[in-house]
Number of protein chains: 2
Amino acid sequence: MENYGEYFRALRESKQLTLREVEKATDVSNAYLSQLESGKIKQPSPLTLHKLAEFYGVAYELLMEKVGYPTPKKAERVRHSNSVAYRIGEISEDEEVELLNYLKFIRSRKK
Amino acid sequence: MENYGEYFRALRESKQLTLREVEKATDVSNAYLSQLESGKIKQPSPLTLHKLAEFYGVAYELLMEKVGYPTPKKAERVRHSNSVAYRIGEISEDEEVELLNYLKFIRSRKK
DNA sequence: TTGCATTGCTAAGTATTGCAAGCAAAGATA
DNA sequence: TATCTTTGCTTGCAATACTTAGCAATGCAA
């Protein structure tokens with residue numbers, strides 16, 4: 001993915017967190033998070049990605065892949081990539097239904 | 001592992017290769033390989049490790065571990081892929097960001 | 001021996017990560 | 001309104017990956 005900054009921003013905002021809240025929880029500075037979300041960072045280190053993955057509840061491997069690092073065993077990973085939790089973090093069942101409806105809307109609109 | 005420089009050197013010498021031969025095959029400069037093998041490099045990038053892993057015929061993940069990068073815990077991976085309740089199906093990366101933004105909206109509304 | 005190639009290595013330079021400090025705008029509170 | 005706080009962001013800096021250029025030692029052929 002080229003513009004994964006947007007993705008990190010969406011991840012944080014979907015949880016209604018400020019940069020400083022994420023900083024507190026992950027020990028990644030708000031300054032750096034800001035740069036990361038605005039696309040100024042090419043490849044954050046694996047350690048940084050790991051902290052963010054843990055905190056946001058998404059798979060570390062996914063983030064590694066998103067920023068363009070080589071990942072082991074692509075075939076195996078494909079199985080996991082369909083899970084929404086894998087991609088956007090934990091959601092409640094109610095939220096899942098809402099997302100499904102919204103997804104339907106998105107797709108009907110784009111067609 | 002602390003002294004993985006020795007490990008890389010052993011890997012190369014066991015195959016009777018010169019620094020420049022490895023350079024040719026992996027596009028990692030002989031200068032850097034030398035520094036790497038003498039313990040002057042703290043954490044070579046994942047890309048570099050990947051090239052070396054491929055060429056030396058060892059597991060990429062092993063090298064990642066050796067230099068101290070976090071590695072995906074298998075339990076984690078399983079947890080993500082098993083959260084059956086959240087299985088929605090394949091979505092594109094664009095849709096993913098849209099869903100995250102919508103999730104943000106949902107959550108702000110409920111608050 | 002003399003000349004040339006090969007070897008590992010160092011020095012110096014570029015690019016990038018990640019941080020601390022601090023700024024401007026907006027929000028809250030008096 | 002005036003003051004304090006919160007928010008995202010920018011700037012300047014240190015650390016470090018990685019390269020190019022080149023050096024000293026060794027080997028090897030004439």
Side-chain angles (χ1 to χ4, degrees), chain A residues 1-56 60 63-71, chain B residues 1-56 60 63-71 97 100-101 104-105 107-108 111:
Chain A
M1 182 183 240
E2 52 210 55
N3 205 359
Y4 56 81
E6 286 298 330
Y7 172 72
F8 281 110
R9 173 152 296 164
L11 219 41
R12 177 175 61 87
E13 293 188 337
S14 76
K15 294 180 161 53
Q16 310 228 64
L17 297 167
T18 68
L19 293 176
R20 278 170 179 82
E21 285 171 327
V22 178
E23 166 177 315
K24 227 163 229 158
T26 62
D27 271 323
V28 176
S29 75
N30 71 79
Y32 189 64
L33 290 169
S34 174
Q35 294 170 45
L36 182 63
E37 294 183 0
S38 58
K40 284 167 190 151
I41 302 298
K42 300 195 174 170
Q43 281 192 323
S45 79
L47 179 56
T48 298
L49 293 181
H50 185 73
K51 289 173 181 171
L52 294 178
E54 290 277 304
F55 180 63
Y56 286 137
Y60 170 47
L63 297 190
M64 292 288 284
E65 190 187 345
K66 262 196 198 299
V67 310
Y69 287 134
T71 54
Chain B
M1 175 175 266
E2 50 212 54
N3 206 1
Y4 57 81
E6 288 299 331
Y7 174 73
F8 281 110
R9 173 152 296 165
L11 220 40
R12 178 175 61 88
E13 292 187 339
S14 74
K15 295 178 159 52
Q16 311 236 55
L17 298 166
T18 68
L19 292 177
R20 277 172 179 80
E21 283 171 328
V22 179
E23 166 176 315
K24 229 164 226 157
T26 62
D27 270 324
V28 177
S29 74
N30 72 78
Y32 188 66
L33 290 169
S34 174
Q35 294 170 47
L36 182 63
E37 293 183 0
S38 58
K40 283 166 191 152
I41 302 298
K42 300 197 174 171
Q43 280 194 324
S45 78
L47 179 57
T48 299
L49 292 182
H50 186 74
K51 289 173 181 171
L52 294 178
E54 290 277 302
F55 181 62
Y56 286 137
Y60 170 48
L63 297 189
M64 293 288 282
E65 253 178 62
K66 263 199 198 302
V67 309
Y69 285 134
T71 53
V97 171
L100 281 168
N101 283 325
K104 172 187 169 188
F105 167 67
R107 286 171 175 167
S108 76
K111 187 75 166 307

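Chain identifiers are assigned alphabetically (A, B, ...) following the order of the sequence lines, protein sequences preceding nucleic acid strands; residue numbering begins at 1 within each chain. The structure presented is a predicted model; accordingly, all values stated were derived computationally and were not measured.
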>> The test is side chain to side chain contact (heavy atoms under 4.5 Å, CB included); show your working for B/L36 and B/L52 and say whether it passes.
In response: CA-CA 11 Å; B/L36 182 63; B/L52 294 178; 3.7 Å; yes
To the nearest Å, how far apart are [X] [atom1] and [N] [atom2]?
{"X": "A/L49", "N": "C/dT17", "atom1": "CG", "atom2": "C1'", "value": "12 Å"}
{"X": "A/L17", "N": "D/dT6", "atom1": "CG", "atom2": "C1'", "value": "15 Å"}
{"X": "A/E21", "N": "D/dT7", "atom1": "CD", "atom2": "P", "value": "6 Å"}
{"X": "A/L19", "N": "C/dA26", "atom1": "CG", "atom2": "C1'", "value": "15 Å"}
{"X": "A/Q16", "N": "D/dT6", "atom1": "CD", "atom2": "P", "value": "18 Å"}
{"X": "B/L47", "N": "D/dT19", "atom1": "CG", "atom2": "P", "value": "10 Å"}
{"X": "A/D27", "N": "C/dC19", "atom1": "CG", "atom2": "P", "value": "8 Å"}
{"X": "B/L52", "N": "D/dA17", "atom1": "CG", "atom2": "P", "value": "14 Å"}

>> Which nucleotide wins on minimum distance to the side chain of A/T48, given the candidates D/dG8, C/dC19, C/dG18?
In response: C/dG18
>> Does D/dC9 have OP1 or OP2 under 4.0 Å away from a side-chain N or O of A/R20?
In response: no
> At under 4.0 Å, does any side-chain N or O of B/R12 touch on OP1 or OP2 of C/dG8?
Replying inline: yes
Indicate yes or no for a side-chain donor-acceptor contact from [X] to the backbone of [Y] under 3.5 Å, with no hydrogens or angles considered.
{"X": "A/E13", "Y": "B/N101", "value": "no"}
{"X": "B/R20", "Y": "B/N30", "value": "no"}
{"X": "B/Y60", "Y": "B/L47", "value": "no"}

> Looking at DNA chain C, which of residues 31-43 of chain B put a heavy atom within less than 4.0 Å of it?
Replying inline: B/A31, B/S34, B/K40
>> A quick test of your reading: do over 12 heavy atoms of other residues, nucleotides or ligands sit less than 6.0 Å from NZ of B/K15?
In response: yes
>> A/Y32 vs A/T48, test: side chain to side chain contact (heavy atoms under 4.5 Å, CB included). Steps then yes/no.
In response: CA-CA 10 Å; A/Y32 189 64; A/T48 298; 4.0 Å; yes
>> Students often get this wrong, so: under 4.0 angstrom with heavy atoms, is B/S29 touching a base, only sugar-phosphate, or nothing?
In response: base
>> Return whichever of A/T18 or B/K51 has its heavy-atom-nearest nucleotide of DNA chain D closer to the 5' end.
In response: A/T18
> Checking side chain to side chain contact (heavy atoms under 4.5 Å, CB included) for the pair A/V22/A/F8: CA distance, chi angles, key distance, verdict?
Replying inline: CA-CA 11 Å; A/V22 178; A/F8 281 110; over 6 Å; no
